[in-house]
Amino acid sequence: MSMSRSERSVARNVSTWFGEHARDLPWRTVAAHAHPRRDPYAVLVSEAMLQQTQVARVIDKYESFMAAFPTVNDLADADEQHVLALWSGLGYYRRAGRLHAAAKMIVQRFDGRVPGDVADLLKLPGVGRYTAGAIASIAFGRAEPIVDGNVARVLCRLHAQDALPDSPDGRRWLWSQAEALVRAADDPGDLNEGLMELGATVCTRVGPACRQCPLKRACLACAAGRQEELPRPRRRARQRTVHHASIIIERADRILVEQRADDGMWAGMWQAPTIESDRPVSLRRIRHEMPALTSLERITSFRHITTHRRIMFTVYRGSGNVPGRYVTPSQWRRLPLSNAQHRVLSLVGGACTAPSVAAR
DNA sequence: AATTCGGGGCT
DNA sequence: AGCCCAGAATT
């Protein structure tokens, strides 16, 4: 990999800009109390949470997670459901199980220390090329590249790159560019964080602040006025509509809950008994599936949007001697719950004291 | 190479 | 309504 003069210049400009703005940057706010010593375990946890998740949404979750599992040993010894429960609201819940498994592997195979080599890091469940590079560079100072959505946007604009960032060619190109820059940098961690931070705060998807950009003189997209049209948008996943009928059954001050299957959406998480279908779920269907019901009335409906689904929730209140696990409000709030099911359960069980969905 | 996995924020 | 987000694993 050649290291041209322009690469050194870009790396220097990004690192300098990052240093000058460090105090004001959102991520540094996280980093300051998230991993002040750039503790590798802290970086592992925060980077796992940050996968496809914006910094602002991670901060509170990160705090409570680290309070519960301060060290990799604590996490390795933790109860699986406890780990998943502390992930509630963050989405992509398989990350929680993988992080848990990674902690166990670190204890068993890496002597309780997060490895610093990318090759070793890639052996950890849930750790891919990005996360491995982030830990290696940020926590260990290794000159390892990273490419996330921010870096891809910065690099595509800097070079007026028309290739799709998702395509094999685009990906190869991005990683080679990122590698050239990190090798030209004095501090790999600062360079990588600087590239991401630049993308998050200056080189934004819409309305980039090119006039304040430390790379404006080198940026081909800016020179051509093409900053708004690069990078080219990725293919959109198609969404399908599904219907969930959730039935709230109370017994004294408790609600009936069930655990979801260990695959698919919200794997292993808890919910009010729910019937899923491609078509609206009829009352007759509910009665058929839950014959013990003696009454059934619709409470409300709402829609829950995810990347691949539009879920039409209909919530019912039912009564009858339905067997299963009944939990109090304080108990179900400690269960692993999707935001949708948190909303369902909040409709009756101690709704006034439940945290709002937005605050979770 | 395409899909699956959440959920929210911002146009 | 569409797009993206400090991605990874599976098919």
All pairs passing ring-ring contact (aromatic ring centres under 6.0 Å, His included) where residues 226-248 of chain A contributes a residue, at least two apart: A:His244-A:Phe313

Within residues 191-222 of chain A or reaching into it, pairs that qualify as ring-ring contact (aromatic ring centres under 6.0 Å, His included) - sequence neighbours excluded: none

Distance-only donor-acceptor test (3.5 Å): side chain A:Thr53, base C:dG7: no

Of A:Val206 and A:Gly91, the one whose closest DNA chain B nucleotide lies more 5': A:Gly91

Residue-level proximity of residues 260-280 of chain A to DNA chain B when a heavy atom falls under 4.0 Å: A:Gly264, A:Met265, A:Trp266

Within residues 124-136 of chain A: residues closer than 4.0 Å to DNA chain B (heavy atoms): none

Gap between atoms CD1 and C1', on A:Ile146 and C:dA6 respectively (whole Å): 7 Å

Check ion pair A:Arg12-A:Asp186 (N to O, under 4.0 angstrom): no

Gap between atoms CG and P, on A:Asn339 and B:dG9 respectively (whole Å): 10 Å

Between B:dC5 (P) and A:Arg240 (CZ): distance, integer Å: 8 Å

Sugar-phosphate, base or nothing in reach of A:Arg205, heavy atoms under 4.0 Å: base

Contact under 4.0 Å: A:Arg236 side-chain N or O vs C:dC3 OP1/OP2: yes

Distance, rounded to the nearest Å, where A:Arg310 contributes CZ and B:dG7 contributes P: 16 Å

Check: B:dG7 base within 3.5 Å donor-acceptor of A:Thr306 side chain: no

Side chain to side chain contact (heavy atoms under 4.5 Å, CB included) involving A:Pro188 - partner list, sequence neighbours excluded: A:Ser137, A:Ala143, A:Val182

Contact list for residues 212-234 of chain A, test ring-ring contact (aromatic ring centres under 6.0 Å, His included), sequence neighbours left out: none

Between C:dC5 (P) and A:Arg57 (CZ): distance, integer Å: 16 Å

Presence of A:Arg309 side-chain N/O under 4.0 Å of B:dC5 phosphate oxygens OP1/OP2: yes

Rounded interatomic separation in angstrom, taking CE from A:Met49 and C1' from C:dA8: 16 Å

C:dA6 versus B:dC10 - spacing of their P atoms, nearest Å: 12 Å

ILVMFWY cluster membership beyond A:Leu164 - transitive side-chain contacts under 4.5 angstrom: none

Rounded distance (Å) that lies between atom P of C:dA6 and atom CG of A:Leu195: 14 Å

Residue pairs involving residues 123-145 of chain A (criterion ring-ring contact (aromatic ring centres under 6.0 Å, His included); sequence neighbours excluded): none

Distance between P atoms of B:dG8 and C:dA9 (Å, rounded): 24 Å

Minimum-distance nucleotide (side-chain atoms of A:Tyr93 versus B:dG6, C:dC3, C:dG7): B:dG6

Interatomic distance, A:Met105 atom CE to A:Asp120 atom CG [nearest 0.5 angstrom]: 10.5 Å

Hydrophobic cluster partners of A:Val118 (side-chain heavy atoms under 4.5 Å): A:Leu122

Pair A:Glu276 + A:Arg260, salt bridge at N-O below 4.0 Å: yes

Atom pair distance, as rounded to whole Å: CZ in A:Phe18 and P in C:dA6: 14 Å

C:dC5 and B:dA1, which share atom name C1', separated by this distance in whole Å: 22 Å

Linked hydrophobic residues, A:Ile247 as query - side chain contacts closer than 4.5 Å: A:Ile249, A:Leu256, A:Ile275, A:Val281, A:Leu283, A:Ile286, A:Met290, A:Leu293, A:Leu296, A:Tyr316, A:Val322, A:Tyr326

Residue A:Arg303, side-chain heavy atoms: nucleotide from C:dA1, B:dG6, C:dC3 that is nearest: C:dA1

Under-4.0 Å side-chain N/O to phosphate OP1/OP2 contact, A:Gln52 with C:dG7: yes

Side-chain N or O of A:His304 closer than 4.0 Å to phosphate OP1/OP2 of B:dG7: yes

Those residues that, when tested against A:His308, pass ring pair (Phe, Tyr, Trp, His ring centres under 6.0 Å) (two or more places apart): none

Check: protein-nucleotides 1-3 of chain B nitrogen or oxygen pairs below 3.5 Å:
| unit_1 | atom_1 | unit_2 | atom_2 | d |
| --- | --- | --- | --- | --- |
| B:dT3 | OP2 | A:Arg235 | NH2 | 2.6 |

Separation between CD of A:Glu7 and CD of A:Glu179, rounded to the nearest 0.5 Å: 10.5 Å

